[in-house]
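See below for the structure under consideration.
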Amino acid sequence: VDCLTLWLTNLILAERDMTAMAFADQWRKPLFAAARARIDVATIPTASHGFAGHGDEDRLFAIILEAIGELSAWESPPID
C-alpha cells in the first residue's frame with residue numbers, strides 16, 4: 001500500500017496570493033494528475049498567504065470543519 005493512500009490530504013489556497021497562484025498553475029499540469037485524483041483543494045478568495053484578511057478566518061474555519069467531518073467518515077485502507 002502506498003503510504004500516501006493512508007492519509008487524507010486537503011490543500012487550502014489563497015486565490016489571489018502569488019505563491020498559491022504559482023502552485024495552482026503547476027498543480028494543473030499532467031505531472032500531478034495522480035495527486036489531484038486523491039487530494040482535495042479548497043480556496044479562499046483572499047490575497048493573504050496566511051489567511052489573515054477580513055473574513056478569511058470564517059472561511060478557513062468552515063474548510064477545516066468540513067475536513068474534520070470527512071475524516072470522521074473515512075475508513076483507513078488495510079495495510080498489506
Side-chain angles (χ1 to χ4, degrees):
V1 171
D2 177 352
C3 66
L4 290 177
T5 63
L6 298 177
W7 302 99
L8 291 178
T9 303
N10 294 309
L11 300 175
I12 305 171
L13 301 178
E15 289 178 356
R16 296 185 312 273
D17 173 71
M18 295 302 289
T19 303
M21 291 167 66
F23 171 84
D25 183 54
Q26 295 300 310
W27 183 247
R28 288 188 287 271
K29 294 185 177 181
L31 177 65
F32 296 103
R36 283 193 310 271
R38 67 176 182 265
I39 297 175
D40 292 329
V41 178
T43 60
I44 296 177
T46 184
S48 174
H49 189 81
F51 310 110
H54 179 72
D56 294 353
E57 181 179 334
D58 293 338
R59 180 71 181 121
L60 181 60
F61 188 65
I63 291 169
I64 292 169
L65 285 179
E66 183 178 335
I68 291 170
E70 291 172 6
L71 182 61
S72 66
W74 182 68
E75 293 185 25
S76 174
I79 298 175
D80 295 334

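Since the structure is predicted, the reported quantities are computational estimates derived from the model, not experimental observations.
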query: Side chains of L13 and W27: closer than 4.5 Å at any heavy-atom pair?
result: no

- request: Heavy atoms only: give me the nearest K29-R36 pair and the separation to one decimal.
  value: O-NH1, 2.7 Å

Shared hydrophobic cluster for F32 and I39 (ILVMFWY, side-chain gaps under 4.5 Å): yes

- prompt: Residues in ring pair (Phe, Tyr, Trp, His ring centres under 6.0 Å) with F61, at least two apart?
  reply: none

- line: Note: A67 and N10 closest approach over all heavy atoms is CB-ND2, 3.4 Å

field: Minimum-distance pair of heavy atoms, taken over all atoms of D56 and S48
entry: OD2-CB, 3.7 Å

Under 4.5 Å side-chain linkage, directly or through intermediates, the cluster mates of L60: I12, I44, F51, I63, I64, I68

- request: Please round to the nearest 0.5 Å and tell me the distance separating atom OG1 of T46 and atom CD of E15.
  value: 9.0 Å

